[in-house]
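Here the structure is laid out as structure tokens; the discussion comes afterwards.
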Amino acid sequence: MKFSIVIPVYNVEKYITKCLDSIKNQTYDNYEVIIVNDGTKDNSVDVINKYLSDPRFSLYSKENGGLSDARNYGIKYVKGDYIIFIDSDDYIDKHLLANLNDILSKKEYDIIKYKINIVDDNSNLICKETSNLISGEIGLSDVLSFEYSEPAWAYAYNKKFFIKNKFTYPKGRIHEDFGLTPYVLIKASSIYYMDYYGYNYVQRENSIVNGGTKNLKRCDDMLYHFDNLYSIISNDKSITDEKKKLICSYLANGLILKGSILDNNNLKWYIKELKKRNITDYLISDTLMRKLKKMIIKICPKLYIKSIKKK
């Protein structure tokens, strides 16, 4: 089994070595690395050039278009059986590819999910993704319950499945994973879960930028992704009604949670936008707790969102 690893690069000269070394040191060697220089302005390319003597590593350069555009660009050059996305400031466990290959040598799946470690700039563990599931094939409702069900880098994707469905990340929008991953999951006919920590997400000290305008942009883009995905899913006759309900509930929850980053003035606008879309109607209420939650959000969304903010 050959793996194609796509890495968008933009101003990460301090981090890219660790990322590429984690691939170079894999215990399984049938892979290719597609590095996309997305118009980086620092010395990242100088660092990358040191790895290009290995024929498995390739560098492609383009004008800056953002993470989504770089991923879409890299996919065009994929030649392997499975696609893996890695953000250039993160890194993977040295056994990730070997463990994936062990599973896929028995049966192929559309998607394989692995667990996430959150670490700081010095590789100190901050926290681990938790789950009560054991390794094995899982359903859509299971994968949507994970702490990290949305990020593109939490999965390995069957290339034929990915290309056949013409999946592309929305260009020019923040939270691009929210804009595509739920649709990828709903289209998958088979998903395998690995009870194994394969990916290290680096929570950089300067990576979280807060501010009224930036947070408003984040929420506005989340609304865009919801509108776009809702339209796509509603018109896709291959998707069952049950799956549509699950995904719409997941998207609605994501929108509501995102409101917690807004100040009072922007939150008023955001709640109006949620009401325009009747977001609470999409929330699944199959248990008493979910019914109570749905009722509170419908009656007083501001109170509910502010309670999230305090946690």
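A donor-acceptor contact closer than 3.5 angstrom is absent between the side chains of Ser58 and Glu32. Looking only at atom types and distance, the side chain of Asn124 has a donor-acceptor partner in the side chain of Asp120 under 3.5 Å away. With no hydrogens or angles considered, no side-chain donor-acceptor pair links Asp90 and Tyr201 at under 3.5 Å. In the model, Lys187 has a side-chain atom that pairs as donor or acceptor with a side-chain atom of Ser238 under 3.5 Å. Side-chain contact, Asp21 with Tyr51: a donor N or O sits under 3.5 Å from an acceptor N or O. Of the N and O atoms on the side chains of Asn264 and Lys306, at least one donor lies less than 3.5 Å from an acceptor on the other residue.
Here the options are Asp121, Asp87, Asp89, the test is salt bridge (charged side-chain N to carboxylate O under 4.0 Å, His left out), and the partner is Arg204; only Asp89 passes.
Checked against side-chain contact (heavy atoms from CB on, under 4.5 Å), Ser234 has the following partners two or more places apart in sequence or in another chain: Tyr230. Applying the side-chain contact (heavy atoms from CB on, under 4.5 Å) rule to Ser44 yields the partners Val9, Val12, Glu13, Thr40, Asp42; only residues at least two apart in sequence or on another chain are considered.
Because its NZ or CZ atom is both nearer than 6.0 Å to the ring centre of Phe85 and within 45° of the ring axis, Arg71 counts as a cation-pi partner of that residue.
Salt bridge annotation for Glu129-Lys113: present, with a cationic side-chain nitrogen under 4.0 angstrom from a carboxylate oxygen. A salt bridge links Lys276 with Glu273: at least one charged nitrogen is closer than 4.0 Å to a carboxylate oxygen. The pair Asp281-Lys298 meets the salt-bridge criterion, with a side-chain N (NZ, NE, NH1 or NH2) lying under 4.0 Å from an Asp/Glu carboxylate O. Salt-bridge formation is detected for the pair Lys107/Glu137: a Lys NZ or Arg NE/NH1/NH2 atom is positioned less than 4.0 Å from an Asp or Glu carboxylate oxygen. In summary, Lys245 and Asp241 do not engage in a salt bridge, as defined by a charged side-chain N under 4.0 Å from a carboxylate O.
Sequence neighbours left out, the pairs with a member in residues 99-140 that pass ring pair (Phe, Tyr, Trp, His ring centres under 6.0 Å) are Tyr109-Tyr192.
Using modelled atom types, one side-chain atom of Tyr157 and one backbone atom of Ala152 make a donor-acceptor pair closer than 3.5 Å.
Annotation: Phe162 is not in aromatic contact with Tyr82 [ring centroid separation under 6.0 Å not met].
Listed here is the closest heavy atom pair of Ser123 and Tyr91: OG-OH, 3.0 Å.
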